[in-house]
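See below for the structure under consideration.
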Amino acid sequence: MKKKRIIFSISIVLLVVAAVLVQYLQFKPTAAHKPATVASSAASSSSAAKKSVKPLQGNVTDKDLENKKTYEVPQTDEETDKYVESGPAEKVGEYTISPQGNKAELGQTTENKQTLTNGAFTYEVTQIKVFHNDPRTDEAIQMAQTALNSRDINGPYTTLSIQYKLKNNGAKAAVTDGVESATFSTGDVRSPINGLDNDATLATKVLAANSTTSSFVTILVPSSIAKTVKTVDISFAGLLDQNHSNQLAKPSQKLQLTF
């Protein structure tokens, strides 16, 4: 009789333990659930962070700005014949507006045929354009600061767009960075680390022997002569072979451009 009671008691204990275990397993979060919860929280935080991104704070990438095409062109601009919706401004007074909100008005166009020889290479400047820029948004200001590598841009600014051709008269293929420096009458000097933006395709372009390529450079004009700029001296960077191991030409002498 006593033995039966012991067996009965043990059975009751086992049943209680089993019931508790079942309840525990039903309500305990599984490993599969936890990552989903964390991922959801991370996604929400990331989304919130993106919404709170502020230009000019040093935490906005070029990709962020390229994707942030939020500027809506006002109807007053769309209704004027000076506004060019697509393509470049061709006539003086015409202007374009970038997706980030930069208004770029063509102030002057000068056809130019000045040449400069540097070793086996010949440069021919073909055209100079003056643009008066009016950034209407913080994004437009940030884009300009990034492109021209200058924190001096905080409002309207003027740029020169210089088109040129480079001919390789030598027997070896060559590579170049483009324009090395630009000097204004004020004494201000622009370079790739301050106010000068070379054609990005030059970074991957190889100029074959006996061939010619077209390129351009954009230069920030000092604010003190933004409305009166008429000259600039430019110097072209040296040229290397396509393996970047041997110099084929040193940096050029200055070429004074008048427009």
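Heavy atoms only: backbone and side chains are in, while hydrogens, waters and symmetry mates are out.
Screening residues 238-259 for ring pair (Phe, Tyr, Trp, His ring centres under 6.0 Å) gives no qualifying pairs among residues at least two apart or on separate chains. Applying the side-chain hydrogen bond (donor to acceptor under 3.5 Å, both in side chains) rule to pairs touching residues 81-96 yields Asp77-Tyr95, sequence neighbours excluded. Under the ring pair (Phe, Tyr, Trp, His ring centres under 6.0 Å) criterion, no residue pair touches residues 212-233, with sequence neighbours excluded.
Scanning for side chain to side chain contact (heavy atoms under 4.5 Å, CB included) contacts around Pro222 gives Phe184, Thr186, Asp188, Arg190, Ser224, Ile225, with sequence neighbours left out. Residues meeting the side chain to side chain contact (heavy atoms under 4.5 Å, CB included) test with Ser245, sequence neighbours left out: Asp241, Asn243. Take Thr159 and apply the side-chain hydrogen bond (donor to acceptor under 3.5 Å, both in side chains) test, not counting sequence neighbours, and it matches Asn133. The side chain to side chain contact (heavy atoms under 4.5 Å, CB included) test applied to Asp197 returns Ala147, Leu148, Thr218, not counting sequence neighbours. Legend: residues meeting side chain to side chain contact (heavy atoms under 4.5 Å, CB included) with Thr158, ordered by chain and number and at least two apart, are Val130, His132, Val221, Ala226.
Thr110 and Asn112 are not linked by any side-chain donor-acceptor pair at a separation below 3.5 angstrom, with hydrogens and angles left out of the test.
Cluster partners of Val92, using a side-chain heavy-atom cutoff of under 4.5 Å among ILVMFWY residues and allowing indirect links: none. Using a 4.5 Å cut-off between side-chain heavy atoms of Ile, Leu, Val, Met, Phe, Trp and Tyr, Val206 falls into a hydrophobic cluster with Val175, Leu240.
Atoms CD1 and CG, from Ile153 and Leu220 in turn, are 5.0 Å apart once rounded to the nearest 0.5 Å.
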Side-chain donor-acceptor pairs of residues 118-128 under 3.5 Å, sequence neighbours excluded:
from	atom 1	to	atom 2	distance (Å)
Asn118	ND2	Lys250	O	2.7
Thr122	OG1	Asn169	ND2	3.1
Thr126	OG1	Gln163	O	3.3
Gln127	NE2	Glu111	OE2	3.0

Side-chain atoms of residues 229-236: list all donor-acceptor pairs with protein atoms under 3.5 Å, sequence neighbours left out, distances to 0.1 Å.
from	atom 1	to	atom 2	distance (Å)
Asp233	OD1	Gln256	NE2	3.4
Ser235	OG	Ser252	O	2.8

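Residue Asn149 comes nearest to Pro192 through the heavy atom pair ND2-O, 3.5 Å, listed as atom of the first residue, atom of the second, then distance.
With a 6.0 Å radius and a threshold of 12 heavy atoms from other residues, nucleotides or ligands, Lys205 has its NZ atom above the threshold.
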